[in-house]
Amino acid sequence: MPDHDPAWYDAQYHTRAAIPEHPEILRYWTEASQAARARLRGRLDLRYGEGTKETLDLFPAAQQSGQAGAPLLIYIHGGFWRALDKRDHSFVAEPFVAAGASVALLNYALAPYASIEHIVLQLVRAVAWIWREAEALGVDRQRIALAGHSAGGHLAATLLACRWREVERRMPAQPLRGALALSGLYELEPLRHAPFLAPDLKLTEASALKLSPAWMPAPAAPLLALVGSEESAEFQRQNALIRERWGAAAVPVCESVPGRHHMNVLHDLADPAARAHQLARGLLGL
């Protein structure tokens with residue numbers, strides 16, 4: 001049985017309801033992303049699979065040194081697995097491209113059409129496809145890292161914990177250098193009790209447990225976990241939980257970002273002066 005009533009879960013997790021200016025923020029993401037696509041040399045809507053929304057946008061590095069290719073940041077958008085699109089997040093790519101990294105923005109099918117398990121398997125296919133096609137994409141296989149926001153943070157953590165050799169025998173046991181998760185969700189059981197979300201996700205007690213990174217074995221590559229200081233107590237707890245469960249070796253960074261709420265914490269990823277951006281660059285070896 002849940003520990004709180006349904007209204008409590010909605011108050012903790014219904015992030016847009018808690019941010020009155022969310023329409024303006026979403027508009028900014030759209031407009032900034034349109035402007036970024038106009039400036040960058042993007043390869044848009046590359047297919048990593050044949051399923052619904054199995055596409056990615058690749059923004060190649062502005063410059064790269066050596067023959068191995070550029071480091072690659074794979075970005076996974078949020079939206080509680082049921083909203084938004086890679087095209088809403090092109091603005092994230094621009095500062096990394098300028099710094100010498102390529103960026104891949106992944107799309108995936110959305111709930112309620114797709115279950116979270118289906119989405120996870122789509123993104124496993126995306127990473128495997130990128131790894132196989134690295135030379136053609138101009139990517140250095142030794143420097144691939146993930147970043148994700150909200151549900152994207154959950155998906156990034158799940159991919160970090162994937163048993164990659166069981167996906168493709170040619171792949172290394174851990175093909176990823178690490179992941180940066182902003183406001184990630186690592187325990188899904190509470191979402192079963194949030195009326196604004198539960199009907200779309202259709203989680204059961206068993207599937208919520210199976211799909212919760214907090215209850216998966218800690219990966220060999222690091223997860224860097226950030227959450228906005230102005231986020232709800234549950235998002236703060238989620239961020240602390242993944243460090244508690246995986247340990248400090250697997251989660252060497254577990255921090256609160258001052259003055260940020262659930263939506264504008266993402267802006268720090270696109271700000272070269274911000275810690276989130278610098279942590280992501282560190283994962284790429286930049």
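The first residue of the sequence shown is numbered 1, and numbering continues consecutively from there. Bear in mind the structure is a predicted one, so any value in this text is a computation, not a measurement.
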Peer 1: Sub-3.5 Å donor-acceptor pair from the side chain of Asp85 to the main-chain atoms of Asp88, do we have one?
Peer 2: no
Peer 1: Find out whether Cys162 and Val167 are in side-chain contact, i.e. whether some heavy atom of one side chain is under 4.5 Å from a heavy atom of the other.
Peer 2: yes
Peer 1: For Leu40 and Glu94: C-alpha separation, side-chain torsions, deciding distance, then whether side-chain contact (heavy atoms from CB on, under 4.5 Å) applies.
Peer 2: CA-CA 7 Å; Leu40 297 174; Glu94 195 161 20; 4.1 Å; yes
Peer 1: How close do Arg141 and Arg132 get, heavy atom to heavy atom, and via which atoms?
Peer 2: NH2-O, 3.2 Å
Peer 1: With heavy-atom distances below 4.5 Å as the criterion, would you say the side chains of Gln122 and Asn107 are in contact?
Peer 2: no
Peer 1: Rounded to the nearest 0.5 Å, what's the gap from CG on Leu223 to CG on Leu159? Could you check?
Peer 2: 11.5 Å
Peer 1: Measuring only between side-chain heavy atoms, which start at C-beta, is Leu46 closer than 4.5 Å to Thr55?
Peer 2: no
Peer 1: Is any NZ, NE, NH1 or NH2 atom of the basic residue among Glu54 and Arg125 found under 4.0 Å from an Asp or Glu carboxylate oxygen of the other?
Peer 2: yes
Peer 1: Consider only side-chain heavy atoms of I, L, V, M, F, W and Y, link residues closer than 4.5 Å, and tell whether Trp246 and Leu155 are in one cluster.
Peer 2: yes
Peer 1: Would a single hydrophobic cluster contain both Leu188 and Met216, if residues Ile, Leu, Val, Met, Phe, Trp and Tyr are joined by side-chain heavy-atom contacts under 4.5 Å?
Peer 2: no
Peer 1: State plainly whether one hydrophobic cluster holds both Trp29 and Phe96, where clusters connect Ile, Leu, Val, Met, Phe, Trp and Tyr through side-chain heavy atoms under 4.5 angstrom apart.
Peer 2: yes
Peer 1: Are Val103 and Val127 grouped together when hydrophobic residues (ILVMFWY) are joined by side-chain heavy atoms under 4.5 angstrom apart?
Peer 2: no
Peer 1: Please test Leu44 against Arg87 for side-chain contact (heavy atoms from CB on, under 4.5 Å), starting from the C-alpha separation and ending with a verdict.
Peer 2: CA-CA 9 Å; Leu44 306 182; Arg87 291 176 66 85; 4.1 Å; yes
Peer 1: Would Arg37 and Asp57 pass as an ion pair if we require N to O under 4.0 Å?
Peer 2: no
Peer 1: Tell me if a side-chain donor or acceptor on Trp129 pairs with a main-chain N or O of Val124 at a distance below 3.5 Å.
Peer 2: no
Peer 1: How long is the straight-line distance from CG of Leu106 back to NZ of Lys53, given to the nearest 0.5 Å?
Peer 2: 12.5 Å
Peer 1: Would you list the atom pairs, donor with acceptor, under 3.5 Å between side chains in residues 72-81 and any protein atom, with sequence neighbours excluded?
Peer 2:
| from | atom 1 | to | atom 2 | distance (Å) |
| --- | --- | --- | --- | --- |
| His77 | ND1 | Tyr108 | OH | 3.4 |
| Trp81 | NE1 | His154 | ND1 | 3.4 |

Peer 1: Could you give me the CA-CA distance, side-chain angles and deciding distance for His149 and His262, then say whether ring-ring contact (aromatic ring centres under 6.0 Å, His included) is met?
Peer 2: CA-CA 9 Å; His149 173 232; His262 187 78; 5.1 Å; yes
Peer 1: I'd like to know whether CZ of Arg47 has more than 12 heavy-atom contacts from other residues, nucleotides or ligands below 6.0 angstrom.
Peer 2: yes
Peer 1: Rounded at 0.5 Å granularity, tell me how far CG in Leu185 sits from CZ in Phe235.
Peer 2: 4.5 Å
Peer 1: Can you find a pair of side-chain heavy atoms, one from Thr204 and one from Lys210, that are under 4.5 Å apart?
Peer 2: no
Peer 1: Taking side chain as C-beta onward, heavy atoms only, is Ile242 less than 4.5 Å from Glu187?
Peer 2: no
Peer 1: Which residues pass the salt bridge (Lys or Arg N to Asp or Glu O under 4.0 Å) test with Arg165, not counting sequence neighbours?
Peer 2: none
Peer 1: Identify, with sequence neighbours excluded, every residue that meets side-chain contact (heavy atoms from CB on, under 4.5 Å) alongside Pro172.
Peer 2: Trp131, Pro175
Peer 1: Measuring from atom CG of Leu182 to atom OG of Ser150, what distance do you get when rounded to the nearest 0.5 angstrom?
Peer 2: 9.5 Å
Peer 1: Is Leu226 linked to Leu146 within one hydrophobic cluster, defined over Ile, Leu, Val, Met, Phe, Trp and Tyr using a side-chain heavy-atom separation of less than 4.5 Å?
Peer 2: no
Peer 1: Checking the side chain of His261 only, and the main-chain atoms of Asn264 only, is there a donor and an acceptor separated by less than 3.5 Å?
Peer 2: yes
Peer 1: Taking side-chain hydrogen bond (donor to acceptor under 3.5 Å, both in side chains) as the test, write out the residues that go with Glu166, two or more places apart.
Peer 2: Arg163
Peer 1: Looking at every heavy atom in both Pro199 and Pro195, which two are closest together, and how far apart are they?
Peer 2: CD-O, 3.3 Å
Peer 1: I need the full list of side chain to side chain donor-acceptor pair (under 3.5 Å) pairs touching residues 271-286, with sequence neighbours left out, sorted by first then second residue.
Peer 2: Glu255-Arg275
Peer 1: Walk me through whether Val97 and Arg41 qualify under side-chain contact (heavy atoms from CB on, under 4.5 Å).
Peer 2: CA-CA 10 Å; Val97 168; Arg41 299 179 300 110; over 6 Å; no
Peer 1: Of all residues at least two apart in sequence or in a different chain, which pass the side-chain hydrogen bond (donor to acceptor under 3.5 Å, both in side chains) check with Ser229?
Peer 2: none
Peer 1: Walk me through it: do Trp164 and Gln174 pass the test side-chain contact (heavy atoms from CB on, under 4.5 Å)?
Peer 2: CA-CA 7 Å; Trp164 289 102; Gln174 180 53 274; 4.0 Å; yes
Peer 1: Side chain of Arg245, backbone of Tyr186: donor and acceptor closer than 3.5 Å?
Peer 2: no
Peer 1: Looking only at heavy atoms, what is the nearest atom pair of Gly153 and Ala181, with distance?
Peer 2: CA-CB, 3.9 Å
Peer 1: Going by the rule side-chain hydrogen bond (donor to acceptor under 3.5 Å, both in side chains), which residues pair with Tyr28 if we only count those two or more places apart in sequence or in a different chain?
Peer 2: none
Peer 1: How far apart are the closest heavy atoms of Gln12 and Ser232, and which atoms are they?
Peer 2: O-OG, 2.7 Å
Peer 1: With a 4.5 Å heavy-atom cut-off, do Leu105 and Ser90 have their side chains touching?
Peer 2: yes
Peer 1: I need the Leu26 CG to Leu84 CG distance, nearest 0.5 Å.
Peer 2: 6.5 Å
Peer 1: Does a donor on one side chain and an acceptor on the other come within less than 3.5 Å for Glu231 and Ser183?
Peer 2: yes
Peer 1: Check salt bridge (Lys or Arg N to Asp or Glu O under 4.0 Å) between Asp140 and all other residues, then give those that pass, not counting sequence neighbours.
Peer 2: Arg143
Peer 1: State, to 0.1 Å, how close Ala280 and Leu180 come at their nearest heavy-atom pair, and which atoms those are.
Peer 2: CB-CD2, 4.0 Å
Peer 1: Kindly say whether Ile19 contributes a backbone atom to a donor-acceptor pair with the side chain of His22 at under 3.5 angstrom?
Peer 2: yes
Peer 1: Closest heavy-atom contact between Ala145 and Leu284?
Peer 2: CB-CD2, 3.9 Å
Peer 1: Does Glu234 have any side-chain hydrogen bond (donor to acceptor under 3.5 Å, both in side chains) partners at least two apart in sequence or in another chain, and if so, which?
Peer 2: Tyr13, Arg237
Peer 1: Once rounded to the nearest 0.5 Å, what's the spacing between atom OG1 of Thr158 and atom CD of Glu117?
Peer 2: 11.0 Å
Peer 1: Can you sort out the partners of Asp268 under salt bridge (Lys or Arg N to Asp or Glu O under 4.0 Å), two or more places apart, ordered by chain and number?
Peer 2: Arg260
Peer 1: With sequence neighbours excluded, tell me which residues meet salt bridge (Lys or Arg N to Asp or Glu O under 4.0 Å) with Lys202.
Peer 2: none
Peer 1: Is the closest side-chain heavy-atom distance between Val257 and Val227 below 4.5 Å?
Peer 2: no
Peer 1: On the 0 to 90° scale, with breaks at 30° and 60°, tag the Tyr9-His4 ring pair as parallel, tilted or perpendicular.
Peer 2: perpendicular
Peer 1: In the hydrophobic cluster built from side-chain contacts under 4.5 Å, what are the other members alongside Leu241?
Peer 2: none
Peer 1: With a 4.5 Å limit on heavy-atom distance, are the side chains of Glu230 and Val265 in contact?
Peer 2: no
Peer 1: Is there a donor-acceptor pair under 3.5 Å between the side chain of Ser212 and the backbone N or O of Trp215?
Peer 2: no
